[in-house]
Protein chains: 2
Amino acid sequence: MSDSPKARRSDATKAAILAAARERFGHDGYERATIRAIATQAEIDPAMVMRYFGSKEGLFAAAAQFDLRLPDLGALPREEIGRVLVGHFLDVWESGDNFFALLRAAVTNEAAAERMQQLFATQVVPAIAPAITDPKTVPIRAGLIATQMLGLALCRYVLRLPPVVALQREQLIALIGPSIQQRLTGPLA
Amino acid sequence: MSDSPKARRSDATKAAILAAARERFGHDGYERATIRAIATQAEIDPAMVMRYFGSKEGLFAAAAQFDLRLPDLGALPREEIGRVLVGHFLDVWESGDNFFALLRAAVTNEAAAERMQQLFATQVVPAIAPAITDPKTVPIRAGLIATQMLGLALCRYVLRLPPVVALQREQLIALIGPSIQQRLTGPLA
DNA sequence: GTCTATAATTCGATAGAC
DNA sequence: GTCTATCGAATTATAGAC
């Protein structure tokens, strides 16, 4: 076979670099995460990072690719959408470091902030649009939902405010799900 | 007088450094804000920063002192508390760079994150406690309010999501005030 | 009190041997 | 493809002249 344990070593190395990069960018943010630290964690030479990704920015661009995998909300009972949405975001956040790499970087890096705006416009807005009756209110409702969900991510995983950390998954769904539901299908003000 | 225009020069210099530090920390975050840039903006020598504050960390600690000046909620009509709170936070955020210096730094700096937790525990929780009937629910309600308000600050001023930026002060109060009111005086779930 | 000069690190990036 | 060696720039911080 062309796929012996050592074949395609470069792909495995590349994947290891990306995994380490997401973890370092996620923990430390863009500027504190160093190519040297990423390489050490991936157990490869720092020069390989440059060879594969060209620059630190190139590495971040590759590591910050992100798919929220938002479900088709149109296929759900209307009253459950809010809770499903909260549960889905919790799943995504706790599934890896990808998202926090982007969030932490976006706070101090302009390019990362723009990627966050793109992610909002190309994934969040289209995904929730089917659940909203009046198309004119889609951007505002999406924006308000973003403030609540990103605020939850910020307080729980980044700032680690004790009462927010203490809440368990089911409690968070029960507490915040109805608020999201209200932003989707309730009156705006 | 002992207070001629050039007297107490050191105090004025110190204040100028702190003002510049808040602006640079607020715009760039902790790591990208350099002592050189802060000194240039304050129109003084970089060495003076070290002389007055000892280190970059010392300067940040001095610059990140922050008073939310939350009003006495017990003195307000119960139904207005939510809207007043939102308006007050908008005032504070738009009154200077102090808060964003702390927020941006807290995302990539552990010490700053702990200061944020302190600010939550010593200012937010006590301030909203009088508005809440069941004392046992105070931390959870305060935590949920923090997720909504910090999420708003994040999306509007840091990530600059277009629909959230477009909303005007009065709209934000009308849209988010009732949600905060619900977190304070409504049923929890 | 103010500034010059510079020490001591650390970083991203490059060149080139093997 | 992988690694060694190192460059050049930028940083915080210090020492000391005036």
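Chain letters run A, B, ... following the sequence lines, proteins first and then strands; every chain starts at 1. Hydrogens, waters and symmetry mates are skipped; everything else that's a heavy atom, side chains included, is used.
For Asn98(A), there are no side chain to side chain donor-acceptor pair (under 3.5 Å) partners, not counting sequence neighbours.
Between the side chains of Gln148(B) and Ser179(B), no donor N or O sits under 3.5 Å from an acceptor N or O.
Among pairs with a residue in residues 164-184 of chain B, those fulfilling salt bridge (charged side-chain N to carboxylate O under 4.0 Å, His left out) read Asp91(B)-Arg169(B), at least two apart in sequence or across chains.
If you measure from atom CZ of Phe53(B) to atom P of dT14(D), you get 16 Å, rounded to the nearest angstrom. Regarding Arg51(A), its CZ atom lies at a distance of 12 Å from the P atom of dC3(D), rounded to whole Å. For Met48(A) and dC3(D), the CE to C1' distance is 9 Å, given to the nearest whole Å.
Heavy atoms only, all atoms of each residue included: Ile38(A) and Ala20(A) are closest at O-CB, 3.6 Å.
Applying the side-chain hydrogen bond (donor to acceptor under 3.5 Å, both in side chains) test between Arg160(A) and each of Glu114(B), Gln117(B), Glu110(B) identifies Glu110(B) as the sole match.
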- What string of B, S and - do you get for nucleotides 4-18 of chain C, 5' to 3', if B is base contact, S is sugar-phosphate-only contact and - is no contact with any protein heavy atom under 4.0 Å? B------BBSB----
